[in-house]
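This report refers to the structure that appears directly beneath it.
Numbers here are sequence positions counted from 1.
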Amino acid sequence: IVSGSGSKDKVSVYTRSGTSWSHQQTFTGGVSSSGVSQFGRNVGISEDTNYIIVGATQDDYNSVSNAGAAYIWKRSGSTWSQEAALYGSDRAANEQMGYGVALNSDATIAVAGARYASGGGAAYVYTRSGSTWSQVQKLTGEHGPTWSGGGAGYVLSFGYRVHIPKGNDDLLLISAPKSHKPSPFVVGRGEVYVFEKTGTGASTYSYRTSLFSSIDLGSGSNETGEDLQSSNDGTFIIGGAHVLDFTADNAGGAYVWTV
């Protein structure tokens, strides 16, 4: 288990033997002029358990306030050490990169979302060769019916959650839970974007489709994509809608899609 505490800039790792859980290591990180970088705001671990990705949404690397970052930690035996610090190539103040983070199964791909990047948010894709990580792509919400129907002002918090199915790293899911429905207008309906690799050996992703709530209830503000998971092969996707007015005001719910 990997547990992050952004307010303490700490990440703790626990391991299981039979029915017993033991603390393995706690590590800290991040760069902040205010004293808290939110290192541990979100975390992810590779399926082989050799790599951890840690979001630090208020990281001030190179004096860019709250631009955010994602850190890669690698395990050797029972010891974890930082391998890389990932930043957006065009990072700007207050983008809060690291709000959503994900690794694929063998940690050759890392993704970090920056929900406040200009244009409604962004997600940065990195690939690993040996111990070297390189940015290969920046994705935004300029695809699908929300952008085409309403423009940049309707796509909000793109990169809030990012997810790579454990058994299918050809798919990449990115949520934008604050996005508005253009017509008829619904504030904060939310949206989940599906990207996929195309072509043998491809290292970048192309837009495939957008997923929405099937119904708009109450105020219509579902904020679909507040959380995001999938089946191992990515054929089933579930998105949390924490303010869905289904049986009561803000009772919450979840949507399941097949792709």
Side-chain angles (χ1 to χ4, degrees), residues 1-32 35-59 61 68-87 96-113 123-134 159-175 226-234 236-240 254:
I1 294 176
V2 183
S3 175
S5 176
S7 62
K8 301 293 185 181
D9 282 349
K10 290 182 179 181
V11 171
S12 296
V13 183
Y14 301 85
T15 59
R16 180 178 63 86
S17 177
T19 58
S20 298
W21 290 88
S22 302
H23 174 256
Q24 186 177 70
Q25 187 175 336
T26 294
F27 46 85
T28 61
V31 177
S32 177
V36 177
S37 68
Q38 287 288 323
F39 177 89
R41 177 64 179 79
N42 205 351
V43 296
I45 188 168
S46 59
E47 189 174 8
D48 61 13
T49 71
N50 288 326
Y51 291 85
I52 290 172
I53 184 170
V54 182
T57 56
Q58 294 180 17
D59 196 279
Y61 173 75
Y71 291 86
I72 303 293
W73 287 68
K74 182 181 179 181
R75 181 176 62 86
S76 178
S78 59
T79 302
W80 292 89
S81 303
Q82 183 180 309
E83 180 172 89
L86 308 179
Y87 308 98
Q96 293 197 9
M97 176 181 163
Y99 219 93
V101 293
L103 292 170
N104 70 332
S105 57
D106 62 354
T108 53
I109 302 170
V111 184
Y124 295 87
V125 181
Y126 303 83
T127 58
R128 178 177 62 85
S129 177
S131 59
T132 301
W133 291 84
S134 304
Y160 188 92
R161 291 288 182 263
V162 297
H163 177 74
I164 303 173
K166 291 181 179 179
N168 184 5
D169 60 19
D170 286 342
L171 286 182
L172 170 60
L173 312 176
I174 303 174
S175 75
E226 181 77 14
D227 207 351
L228 188 59
Q229 291 293 326
S230 76
S231 59
N232 282 350
D233 61 1
F236 290 89
I237 297 168
I238 184 167

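The line from CG of Asn232 to OG of Ser105 is 10.0 Å long, rounded to the nearest 0.5 Å. A distance of 4.5 Å separates CG in Leu103 from CD1 in Ile53, rounded to the nearest 0.5 Å. Here the CD atom belonging to Glu83 is positioned 11.0 Å from the CH2 atom belonging to Trp80, to the nearest 0.5 angstrom. Taking CD of Gln25 as the start and OG of Ser78 as the end, the distance is 8.0 Å to the nearest 0.5 Å. Remark: Lys10 NZ to Ser5 OG distance equals 8.0 Å, nearest 0.5 Å. Remark: Trp73 CH2 to Ser81 OG distance equals 7.0 Å, nearest 0.5 Å.
In this structure, the side chains of Leu173 and Ile237 come closer than 4.5 Å at one or more pairs of heavy atoms. Looking at heavy atoms from C-beta onward, Thr15 lies out of side-chain contact with Trp21 at the 4.5 angstrom threshold. Considering only heavy atoms from C-beta on, Val111 comes within 4.5 Å of Ile164 through its side chain. Counting only heavy atoms from C-beta outward, the side chains of Ile72 and Ile52 never approach each other to under 4.5 Å. By the 4.5 Å heavy-atom criterion applied to side chains, Gln24 and Tyr14 are not counted as neighbours. The shortest distance between side-chain heavy atoms of Val11 and Thr26 does not fall below 4.5 Å.
The nearest pair of heavy atoms linking Ala110 to Trp133 is CB-CZ3, 3.5 Å. For the residue pair Val36 and Asp9, the shortest heavy atom distance occurs at CA-OD2, 3.5 Å. The shortest heavy-atom contact between Gly30 and Tyr71 is CA-OH, 3.6 Å.
Judged purely by atom type and a 3.5 angstrom limit, Asn104 has no side-chain atom pairing as donor or acceptor with the backbone of Asp169. Checked by atom type and distance alone, the side chain of Tyr126 pairs as donor or acceptor with a backbone atom of Tyr87 at under 3.5 Å. With Ser12 contributing its side chain and Ser3 its backbone, the two residues share no donor-acceptor pair below 3.5 Å. With hydrogens and angles ignored, the 3.5 Å screen pairs a side-chain donor or acceptor of Arg128 with a backbone N or O of Asp106. At distances below 3.5 Å, at least one donor-acceptor pair connects side-chain atoms of Ser231 with backbone N or O atoms of Phe236.
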- Assess whether side chain to side chain contact (heavy atoms under 4.5 Å, CB included) is satisfied between Tyr124 and Met97, documenting all intermediate values. CA-CA 9 Å; Tyr124 295 87; Met97 176 181 163; 4.2 Å; yes

- Query: Is there a side chain to side chain contact (heavy atoms under 4.5 Å, CB included) between Ile174 and Leu228 once you walk through the steps?
  - Reply: CA-CA 8 Å; Ile174 303 174; Leu228 188 59; 5.9 Å; no

- Message: Between Thr127 and Thr108, is the side chain to side chain contact (heavy atoms under 4.5 Å, CB included) condition met? List the steps.
- Response: CA-CA 5 Å; Thr127 58; Thr108 53; over 6 Å; no

- Would you please test Glu226 and Tyr160 for side-chain hydrogen bond (donor to acceptor under 3.5 Å, both in side chains) and show each step? CA-CA 7 Å; Glu226 181 77 14; Tyr160 188 92; 2.7 Å; yes

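Between the side chains of Ser37 and Asp59, no donor-acceptor pair of N or O atoms lies under 3.5 Å.
In this pair, Phe27 and Phe39 present their aromatic rings perpendicular. The plane angle is above 60°, beyond the 30 to 60° band.
Residues meeting the side-chain contact (heavy atoms from CB on, under 4.5 Å) test with Asn42, sequence neighbours left out: Val101, Arg161.
Both tests hold for Arg41 against Tyr99: distance to the six-membered ring centre under 6.0 Å, angle to the ring axis within 45°.
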